[in-house]
Amino acid sequence: MAKMKCGIAAVQALRAAGVSRIFGLMGSSTLEIYDALYDAKDMLYVGVRHENAGMHMADAYGRVTQTPGVFICGQAGPGSANMTLGLMAAKLAYSPVLVITGLPGTADLGKDTFQEIDQHTLFLPVSKKVMTVTRPERVPEFLLEAYRTANSGRRGPVVVQIPRDLLHTEIEANIPARGGQPEVAPATVDRATLERIKGLILGAQRPVIHAGAGIKWGRGAAALLKLAEKLQLPITNSAGHTDVAPFDHPLNAGGAGARGNTVATGLLRESDLILALGTRLGFNTTRFTHDVIPAAAKIVQVDIDPLALGRYYPVEVGIAGDAGAVATAITEVMDPFPAGAVPWRARNEKFAKDRQQLWIGREELAGRGAKPLHPETVYSELRKVAPRNALFTIDAGTTCLQATDKLPCGVTPSLVAPLDCGNIGFSYAAGLGAKVAAPERAVISLMGDGGFGMTMGEMTTAVQSQIASIALVMDNGTWGAEIAYQRDFYDKRYIGAHVLSPRYDEVMKLCGGTGYYATAPGETADALNQAMKEGKPAVIHVKVDPDAVMSFRTDAVAKRT
Ligand SMILES: Cc1ncc(C[n+]2csc(CCOP(=O)(O)OP(=O)(O)O)c2C)c(N)n1
Ligand SMILES: [Mg+2]
């Protein structure tokens with residue numbers, strides 16, 4: 001026990017949890033924590049320009065390090081309201097984030113005092129848990145519990161609200177030396193169930209692995225590859241998780257469903273057994289129909305959350321467990337096939353050809369050399385120059401959506417996507433968070449001109465905190481994903497669909513970073529190489545073909561007659 005100011009105790013609790021990076025936007029509700037951070041030379045503080053962007057940074061930090069990102073929303077009320085979309089994105093990505101925010105003082109709470117809103121209710125649907133500290137001496141305990149909660153089971157953002165007067169109190173603080181998380185053995189699977197799975201695999205003719213985020217959260221990428229290689233099973237991935245396996249691995253079929261490719265989708269469509277590892281089989285991949293997941297296919301589903309099992313599709317075997325650990329257990333129970341006796345050899349030979357053709361087709365499209373640039377050319381140049389361990393972040397616009405399955409994800413994790421939140425204005429901020437998480441890796445953030453406009457204020461954050469991410473802004477002059485519907489379904493009656501985009505590379509230069517402009521083949525690759533060499537915060541403004549947009553949600557619109 002030691003007597004100290006509550007703000008200092010809060011920072012000590014964060015340190016005890018293992019926190020060394022904090023994103024935040026200050027406000028008078030939390031000044032005591034800020035004052036304590038002044039002396040915390042072991043903590044890097046990244047001040048942001050908008051709470052929502054700060055949340056995206058902490059979210060990406062959480063996804064890349066697989067430990068909670070921390071965001072201090074300094075101002076109760078407006079600051080808190082500003083960060084709700086970021087909370088939603090983290091919640092839907094099951095991303096661990098610890099959020100600290102203020103509340104009005106306890107003497108005034110509930111009186112509709114200045115900047116007061118029912119924050120608890122505001123945060124509830126967009127967080128994993130909302131906690132309100134009621135006694136100052138419990139601040140450290142709440143922070144440690146929130147950290148643990150964010151990072152356990154189905155991960156997610158946890159908000160701790162602290163009434164402002166509590167932070168000004170002196171408390172007797174009792175902070176455990178190592179207050180983070182106990183090591184917990186991953187939940188795996190019993191022998192009898194393994195034997196059932198073995199029987200299902202040996203009885204199948206066209207089995208496929210379908211892997212999702214659970215593989216990433218469980219650090220199960222190596223286990224996934226071992227399973228696939230031993231059984232010679234193609235790997236398909238769920239939407240936004242291109243990085244479950246190296247993009248160039250011969251067994252990696254890539255993304256299934258509308259955000260993926262025809263080869264992976266075809267494999268699933270024709271499968272009779274699906275090993276669904278670390279995935280809910282969610283909407284963005286399956287649309288909850290039998291278009292991608294055949295009604296007759298047997299499903300072995302593994303997810304950390306028992307509620308996810310059999311939720312959208314009936315399962316033959318459901319395992320509430322760690323996807324990587326279960327993949328290892330399955331690998332161990334299976335005997336290797338004798339050379340040349342892989343039961344699905346013919347299917348795999350066709351798959352290998354189709355896969356090769358898919359990549360050839362992509363490069364052919366890219367190589368047209370057209371001006372304005374086709375986004376495919378941009379992706380192809382990215383594939384040529386991005387380092388093997390590059391990290392990518394993307395937005396929800398049409399140019400990014402089309403890129404999802406084509407990025408050169410060489411290691412796991414290497415893709416941070418908006419996933420089910422589907423928001424634009426995510427990628428740039430997420431890239432800054434990713435770069436703070438992994439400064440040694442090249443971070444390349446793809447986005448449209450509309451999405452970048454939403455977060456362009458964070459260019460100053462990048463320069464001020466020297467976060468050398470590279471933004472690849474694809475300028476088609478429109479809210480491309482939406483104008484596509486007006487083109488395809490509303491007789492080109494364009495309204496609200498155009499955006500004015502200044503030369504963002506020039507704006508970045510004004511902010512103190514570096515900027516590049518690309519309009520012709522080869523120039524994106526040159527700019528990327530140059531930006532990586534210079535190692536400064538960078539924006540590459542790429543002029544892309546305004547016609548290269550596609551109506552994505554064809555289930556959501558009907559052709560006018
Ligand atoms: C926060 C948010 N606002 C609006 C939308 C709807 N929306 C989806 S894509 C899109 C257009 C994106 O334009 P841009 O960022 O330029 O990318 P492009 O589609 O042109 O590649 C819009 C407005 C959204 N998904 N998220
Ligand atoms: Mg656009």
Side-chain angles (χ1 to χ4, degrees), residues 50-56 59 81-93 126 239-240 258-259 283-284 372-379 382 392-407 417-431 444-459 471-490 494-505 507 517-519 524 539-557:
H50 192 291
E51 289 83 355
N52 191 52
M55 267 302 304
H56 289 331
D59 171 359
N82 251 356
M83 73 170 167
T84 48
L85 170 62
L87 277 169
M88 173 184 173
K91 176 166 184 174
L92 299 191
V126 287
R259 288 159 199 253
F283 178 86
N284 266 332
L373 285 171
H374 195 282
E376 292 286 349
T377 311
V378 178
Y379 316 146
L382 197 58
F392 303 96
T393 67
I394 57 173
D395 242 22
T398 184
T399 35
C400 276
L401 267 184
Q402 294 176 57
T404 317
D405 192 54
K406 300 162 188 166
L407 296 171
L419 301 178
D420 273 349
C421 187
N423 55 322
I424 53 174
F426 170 83
S427 180
Y428 186 53
I444 302 171
S445 295
L446 282 74
M447 68 218 89
D449 47 344
F452 185 68
M454 282 184 173
T455 43
M456 57 187 286
E458 302 306 326
M459 281 190 279
L472 200 64
V473 184
M474 289 172 285
D475 170 12
N476 54 13
T478 65
W479 299 111
E482 308 297 347
I483 200 173
Y485 297 119
Q486 292 182 339
R487 180 193 65 190
D488 300 343
F489 294 93
Y490 293 91
Y494 298 134
I495 169 128
H498 291 89
V499 288
L500 182 141
S501 292
R503 285 274 301 272
Y504 289 122
D505 55 316
V507 183
Y517 190 54
T519 60
T524 307
V539 169
I540 304 174
H541 187 126
V542 190
K543 273 291 209 195
V544 295
D545 185 353
D547 288 330
V549 296
M550 60 182 243
S551 311
F552 184 68
R553 290 283 306 274
T554 43
D555 60 326
V557 282

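Heavy atoms only: backbone and side chains are in, while hydrogens, waters and symmetry mates are out. Residue indices begin at 1 and follow the sequence shown. All ligand and atom numbering here is 1-based and tracks the order in the structure.
- Regarding atom 21 (O) of ligand 1, its nearest protein heavy-atom neighbour is Thr399 OG1, 2.5 Å.
- Using a distance-only test at 3.5 Å, with no hydrogens or angles considered, no donor-acceptor pair links the side chain of Ser445 to the main chain of Ala471.
- Of the possible donor and acceptor atoms, none in the side chain of Arg503 sits under 3.5 Å from a partner among the backbone N and O of Tyr517.
- Nearest-heavy-atom check against atom 20 (O) of ligand 1 across Ser501, Pro546, Gly480 picks out Gly480.
- Contact check for Thr404 versus Phe392: no side-chain heavy atoms found under the 4.5 Å cut-off.
- At least one N/O/S atom of Asp449, whether from backbone or side chain, sits less than 2.8 Å from the Mg ion (ligand 2).
- The shortest N or O to N or O distance between Asn423 and ligand 1 is not under 3.5 Å.
- Here the heavy atom of the protein found nearest to atom 17 (O) of ligand 1 is Gly448 CA, 3.5 Å.
- The main-chain N or O of Ile424 is never found under 3.5 Å from a side-chain atom of Asp395 such that the two would form a donor-acceptor pair.
- Among protein heavy atoms, the minimum distance from atom 2 (C) of ligand 1 is reached at Ile424 CG1, 3.6 Å.
- Residue contact check: Thr478 has heavy atoms under 4.0 Å from atoms 13 (O), 16 (O), 20 (O) of ligand 1.
- Side-chain atoms of Asp475 do not come within 3.5 Å of backbone N or O of Lys543 as any donor-acceptor pair.
- Of the protein's non-hydrogen atoms, the one nearest atom 8 (C) of ligand 1 is Glu482 OE2, 3.0 Å.
- Residue Asn476 approaches ligand 1 through these ligand atoms, each under 4.0 Å from one of its heavy atoms: 18 (P), 20 (O), 21 (O).
- Annotation: side chain of Leu419 is not in contact with side chain of Asn284 (no heavy-atom distance under 4.5 Å).
- Using modelled atom types, one side-chain atom of Asn476 and one backbone atom of Thr478 make a donor-acceptor pair closer than 3.5 Å.
- The Mg ion (ligand 2) has an N, O or S atom of Asn476 inside 2.8 Å of it.
- Taking the side chain as every heavy atom from C-beta outward, Thr524 and Leu472 approach each other to under 4.5 Å.
- Of the protein's heavy atoms, Gly450 N, 3.6 Å lies nearest to atom 14 (P) of ligand 1.
- Protein heavy atom at the shortest distance from atom 25 (N) of ligand 1 is Gly422 O, 2.9 Å.
- Within the 2.8 Å limit, Thr478 places at least one N, O or S atom next to the Mg ion (ligand 2).
- Counting protein heavy atoms only, atom 15 (O) of ligand 1 is closest to Gly451 N, 2.7 Å.
- Minimum interatomic distance between Ala239 and Arg259 (heavy atoms only, all atoms of both residues): CB-CD, 3.7 Å.
- Residue, atom and distance of the protein heavy atom nearest to atom 9 (S) of ligand 1 are Ala481 CB, 3.4 Å.
- Side chains of Met459 and Phe452 form a contact here, defined as non-hydrogen atoms less than 4.5 Å apart.
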